[in-house]
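Written out below as structure tokens is the structure these notes cover.
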Amino acid sequence: MATIEIDRLVKAYGRTTVVHGIDLAIQDGEFVVLVGPSGCGKSTTLRMIAGLEEITGGQIRIDGRVVNDLQPKERNIAMVFQNYAIYPHVTVADNIAFGLYRSKLSKSQKRARVAQVAETLGLTHLLERRPSALSGGQRQRVAIGRAMVRDPSAFLFDEPLSNLDAQLRTQMRIEIKRLHHRLGTTSVFVTHDQVEAMTMADRIVVMREGRILQVGSPLELYESPVDVFTARFIGSPTMNLLPGAVRNNRIELSAGGSLPATATMATTPEVLVGVRPQDLMPTGSDAAGLTLSGAVVVVETLGSETLVHIENDGQTIIGSAPGRLIPKVGEHLTLHAPVDRLYYFDKATEKALAAR
Amino acid sequence: MSVAAHREAATGGLWSRMSLGQKQLIWAWGFLAVPLLFYVVIRFWPTFQAFYLSVTDWTITKPAAFVGLQNYKRLLADPLFWQVFRNTFLYLILGTPISLLISFVVAYYLDRVRFMHSFIRALYFLPFLTTAAAMAWVWRWFYQPVPIGVINDMLSGFGIPQQPFLRSTSQALPAVLAPAIWAGLGFQIIIFLAGLRAIPITYYEAARIDGLSEGAILRKITLPLLKPTLVFLVVFSSIGFLRIFDQVYNINTNDPGGPLNATKPLVLMIYQTAFSSYEMGYAAAQTVVLFLILLMISLVQLRLMSDR
């Protein structure tokens, strides 16, 4: 159990700076997900918390104690790696026991602790096996077991689910989440998958090019992204963005039609109007809202809903239709979105403009 | 349609009537036939020939006649054979562990060196590319008395008396072994480095987080994971030391295997029996013995090291 505070954290390799002075305060027991595209500095940040990378500048405090110059083993954190990092030459039980390497428990106490963790993770019947005899999900569970066995003050997860197939990933996601509910240990989870971030996090930290763009709960990020990047990164499929010009208190969309402008747009001549595919539907019509029409180019049937791609003003717009209503390719379709479901961004700075 | 198919079957003959599996089989054996033929003619046939010769008294000048196990009886009664046998095993039990220990230590530390890594690695590999004859000449100079010999020069600098090295029956074998070990280091280092590089870095990172010390990481992670590499190198270098020849032959050209057979290995004895005394049958018997020794040692090592 611990808080993790990061102050103006900088990481540079020679002249290349990969983390540009980020600040983040993680509360005790919180599940925080660092998310962003590859090379955004999320893994580097995690590795600095773990002590596997040296800190170039700034400070990391775990439970109020500055850990900048502490060895990984002195930080009492546990880490789960993408490739599990479980040793092929020893049994599952011995792998889990590696987590207790520095503990002063007696042999039998250690064994009891390993058995207890195995019980929690449903690994009891596999304890004497070698990792090569395990499935990907089981290996991942062994890695988590090794992390848990020590009762660390924080769990660090470095893309732990990327090597699993889609079904197993969903399952492990839930298992990790439930484990967190049960143990209540502070957790930092790195992923490039926004679905993982949305489903697991208490708070999401969106990173890009070594900077934090936004920190917030999954819903905050979905409802009020601070910029175009976050808006497009969170939510699937990606948010549609329509360019428009502000004239006479109206936004003239280049795709045709206009929308009411807000007071904050007075100084921004060019804007981007964002609309999520889930809000853009062929049914209902709001006179004040957004209306887009065009020829259907692709139809993706998902069962519960159907994603419709239409060609509009040289741009492909993704909308959604209820599952039963499947438009045909080539058909002309008109999509609507209510005005209160639209997002506005300054085209020049890509920053969000006043809430709708 | 059926007419066309019929015509094709008629004109295509045997090949077109075969199934895809049969055609693949013919292609596979066609390609395999070349190396197979090569091995039979160049390797297997001479091997069996050697087994046959070992029970004859062929001496080049007279035709081979069957003599049963007489060559083997003579060999077991030959004091030179036992001397050579002892030498060969000394090369093996000194050479293999010493060379593996040195090359592992070098590889272990070289793995961490980033500065001029490739250049240093190439330097270590260089002796492996050098011919044994050239190497033997240089080392022979090293072992000379002052003022030519570097080693004796250094020893006298520390006030240590001159050592006879190659001219002493007790020092000659280690003195011959040293360049042999040195020559093989490059290869072993490269293989160890490849083995070390194949261990995922996250294993070490996970170990650091769990709080293992450097020594514990080496004992509990690096060495066990390096076992396949180690098995390969132990077997490979054991075979190398059991077959040692050129290092010995070249370093003492006036009296190969001397002084007083103190450095003579089995292969050199075979060579001299065959090409100085021309006793081909006797030499073949010695070859069979060497073959059996190599086979036994390799099998024992594989058995010992493969399962725990």
Side-chain angles (χ1 to χ4, degrees), chain A residues 13-14 43 46-53 67 70-91 94-104 110 130-132 139 142-150 152-160 162-163, chain B residues 100-101 104-105 107-109 111-119 191-236 301-308:
Chain A
Y13 296 102
S43 277
L46 190 79
R47 292 167 60 81
M48 283 194 279
I49 298 173
L52 295 173
E53 296 278 353
V67 297
L70 293 187
Q71 289 287 316
K73 61 183 177 196
E74 297 164 316
R75 302 185 184 199
N76 193 27
I77 38 88
M79 188 154 168
V80 178
F81 294 86
Q82 179 174 353
N83 66 356
Y84 325 131
I86 54 174
Y87 305 121
H89 59 284
V90 295
T91 61
D94 289 344
N95 262 297
I96 295 176
F98 261 108
L100 290 173
Y101 189 79
R102 293 219 328 148
S103 123
K104 295 197 169 55
K110 281 185 183 176
R130 291 286 175 85
S132 55
R139 285 180 205 190
V142 174
I144 293 171
R146 182 172 68 191
M148 270 171 63
V149 73
R150 189 168 55 216
S153 50
F155 284 127
L156 308 177
F157 295 92
D158 190 4
E159 308 212 19
S162 327
N163 283 10
Chain B
L100 287 181
L101 187 69
F104 177 74
V105 171
Y108 184 71
Y109 287 102
D111 191 36
R112 291 145 188 241
V113 173
R114 290 283 157 273
F115 178 71
M116 299 214 298
H117 177 88
S118 309
F119 178 70
I191 301 291
F192 268 132
L193 273 176
L196 287 170
R197 286 285 159 97
I199 300 173
I201 290 173
T202 45
Y203 284 176
Y204 297 122
E205 291 179 338
R208 279 172 64 200
I209 285 178
D210 289 339
L212 275 73
S213 62
E214 285 282 311
I217 290 176
L218 179 66
R219 266 182 299 116
K220 289 178 183 288
I221 296 163
T222 312
L223 286 178
L225 289 174
L226 213 56
K227 204 170 137 189
T229 311
L230 207 60
V231 173
F232 168 75
L233 280 178
V234 166
V235 172
F236 197 84
Q301 282 171 344
L302 281 175
R303 167 63 61 85
L304 283 182
M305 301 195 68
S306 303
D307 43 64
R308 29 211 289 119

Euclidean distance, [Y] [atom2] relative to [X] [atom1], rounded to 0.5 Å:
X	Y	atom1	atom2	answer
K73(A)	S213(B)	NZ	OG	6.5 Å
I209(B)	R47(A)	CD1	CZ	8.5 Å
N83(A)	Y203(B)	CG	OH	6.5 Å
Y101(A)	D210(B)	OH	CG	10.5 Å
Y87(A)	L225(B)	OH	CG	8.5 Å

Self-check item: Heavy-atom pair with the smallest gap, counting every atom of P72(A) and R208(B)
Solution: CB-O, 3.8 Å
Quiz prompt | Smallest separation among heavy atoms of A206(B) and R146(A), with atom names | solution = CB-NH2, 3.2 Å
Quiz prompt | Heavy-atom proximity to chain A below 4.5 Å, by part of I221(B) | solution = both
Examine whether an atom of [X] lies under 4.5 Å from a heavy atom of chain B, and if so say whether it belongs to the side chain, the backbone or both; otherwise answer neither.
X	answer
L100(A)	neither
A78(A)	backbone
F98(A)	both

Practice problem: For atom CD1 of I201(B), decide whether the heavy atoms of other residues, nucleotides or ligands shown that lie under 6.0 angstrom number more than 12. | Solution: no
